[in-house]
Amino acid sequence: MGRVGLMMGAPEVLQLTANLIRAIGGKRVLDIGMFTGSSALSAALALPDDGQVYGFDISEEYVKHGYPFFEKAGVKEKIKIHFGPAMDNLQKLVDDGQSGTFDFAFIDADKENYWGYYELCLLLVRRGGIIAVDNTLWSGRVFDTSHTDECTVAIREFNDKVHRDSRVRVSFLPIGDGLSLLFVQ
Ligand SMILES: C[S@@+](CC[C@H](N)C(=O)[O-])C[C@H]1O[C@@H](n2cnc3c(N)ncnc32)[C@H](O)[C@@H]1O
């Protein structure tokens with residue numbers, strides 16, 4: 001599989017997250033790490049007409065590949081893109097008083113910041129909402145302690161910490177590259 005295939009959200013993951021958004025009657029979604037827009041597009045298609053995806057990425061070079069597909073799918077108006085470091089842009093939403101106003105978040109940007117994104121999502125997502133975190137298996141490297149690179153260590157620590165966090169209930173699913181569903185209490 002090439003680099004693009006590795007970066008794109010797995011179809012079975014995006015199908016499940018779209019169904020979860022529908023199941024909880026989601027209207028406002030955070031999509032953290034858009035790449036070419038697959039996760040934002042699948043979320044937008046799951047939303048009602050007045051729903052909104054807030055997408056975050058540092059690279060318009062990647063995201064612009066998704067523009068024709070957003071247009072073709074008729075969901076362009078539902079996707080509001082915030083370019084720049086996602087930590088800063090999520091913090092701006094918190095500072096802007098938008099805590100508790102989102103139903104669902106999909107965390108799939110730089111792995112070193114996963115815990116930081118999670119903490120901000122816990123503020124922004126309402127009780128009863130869901131935070132989905134992608135790549136939590138990281139091709140199995142999380143289980144092999146001989147892997148000590150920054151990304152692997154960050155995901156391993158994220159997994160260890162989140163299982164002890166009473167603010168959420170956790171479902172860890174071995175689909176795609178590992179998907180952790182965190183149900184906000
Ligand atoms: C794995 S890809 C996202 C895949 C996408 N969710 C999908 O379903 O196809 C990760 C993305 O995170 C973005 N990214 C990396 N570091 C970031 C940061 N600090 N802030 C925002 N986006 C970042 C990258 O540009 C890349 O597009």
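Throughout, numbering of the chain's residues begins at 1 and tracks the sequence. Every number for a ligand or one of its atoms is a count from 1 in the order of the listing.
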Only heavy atoms count here, so choose which of Asp88, Asp108, Thr17 is nearest to atom 10 (C) of ligand 1. Asp108

N/O donor-acceptor pair under 3.5 Å between Arg28 side chain and Gln52 backbone: no

Test your reading of the model: is there a side-chain donor-acceptor pair from Lys78 to the backbone of Gly51, 3.5 Å cut-off? no

Verify the neighbour count for atom CZ of Phe183: are there more than 12 heavy atoms of other residues, nucleotides or ligands below 6.0 Å? yes

Measure from NZ or CZ of Lys76 to the centre of the six-membered ring of Phe70 and say whether it is under 6.0 Å with the direction within 45° of the ring axis. no

Would Asp31 count as being in polar contact with ligand 1, using the rule that some N or O on each side must be under 3.5 angstrom apart? no

Can you tell me which portion of Phe35 lies within the under-4.0 Å heavy-atom range of ligand 1? Options are side chain, backbone, both, or neither. both

Nearest-neighbour protein heavy atom for atom 1 (C) of ligand 1, which is reported as residue plus atom name and distance: Met7 O, 3.1 Å

Side chain, backbone, both or neither: the part of Tyr117 lying under 4.0 Å from ligand 1 by heavy atom: side chain

In terms of relative ring orientation, are His82 and Phe56 parallel, tilted or perpendicular, with 30° and 60° separating the classes? parallel

Looking only at atom types and distance, does a side-chain atom of Thr152 sit under 3.5 Å from a main-chain N or O of Thr148, one as donor and one as acceptor? no

Protein heavy-atom partner closest to atom 23 (C) of ligand 1 - residue, atom, separation in Å: Ile58 CG1, 3.4 Å

Could you list which atoms of ligand 1 come closer than 4.0 Å to a heavy atom of Ser39? 5 (C), 6 (N), 7 (C), 8 (O)

Between Phe56 and ligand 1, is there a nitrogen or oxygen pair with a distance under 3.5 Å? no

Is there at least one pair of N or O atoms, one from Ala109 and one from ligand 1, spaced under 3.5 Å apart? no

Looking at non-hydrogen atoms alone, which of Gly37, Gly33, Pro85 comes nearest to atom 3 (C) of ligand 1? Gly33

Looking at ligand 1, does any of its N/O atoms fall within less than 3.5 Å of an N/O of Asn135? no

Does Arg156 reach the main-chain N or O of Asp144 with its side chain, forming a donor-acceptor pair under 3.5 Å? yes

What atoms of ligand 1 come closer than 4.0 angstrom to any heavy atom of Gly84? 20 (N), 21 (C)

I need the atoms of ligand 1 closer than 4.0 Å to a non-hydrogen atom of Ser38, numbered in the order shown. 8 (O), 9 (O)

Take a 6.0 Å sphere around CD of Glu119 and say whether it holds more than 12 heavy atoms from other residues, nucleotides or ligands. yes

Do side-chain atoms of Asp57 reach the backbone of Met34 as a donor and acceptor pair under 3.5 angstrom? yes

Looking only at side-chain N and O atoms, does Asp95 offer a donor or acceptor that is under 3.5 Å from a partner on Gln91? yes

Can you spot which of Asp49, Thr101, Asp50 makes a side-chain hydrogen bond (donor to acceptor under 3.5 Å, both in side chains) with Lys27? Asp50

In the protein, what heavy atom is nearest to atom 9 (O) of ligand 1, and what distance, to one decimal place, separates them? Gly9 N, 3.1 Å

Nearest non-hydrogen protein atom to atom 27 (O) of ligand 1, with distance, is Asp57 OD2, 2.7 Å

Considering only non-hydrogen protein atoms, determine which one is nearest to atom 20 (N) of ligand 1 and report residue, atom name and distance to 0.1 Å. Ala86 N, 3.0 Å

Using a 4.0 Å heavy-atom cut-off, say whether Met34 meets ligand 1 through its side chain, its backbone, both or neither. backbone

Using distance alone, decide if ligand 1 has a nitrogen or oxygen within less than 3.5 Å of any nitrogen or oxygen in Asp110. yes

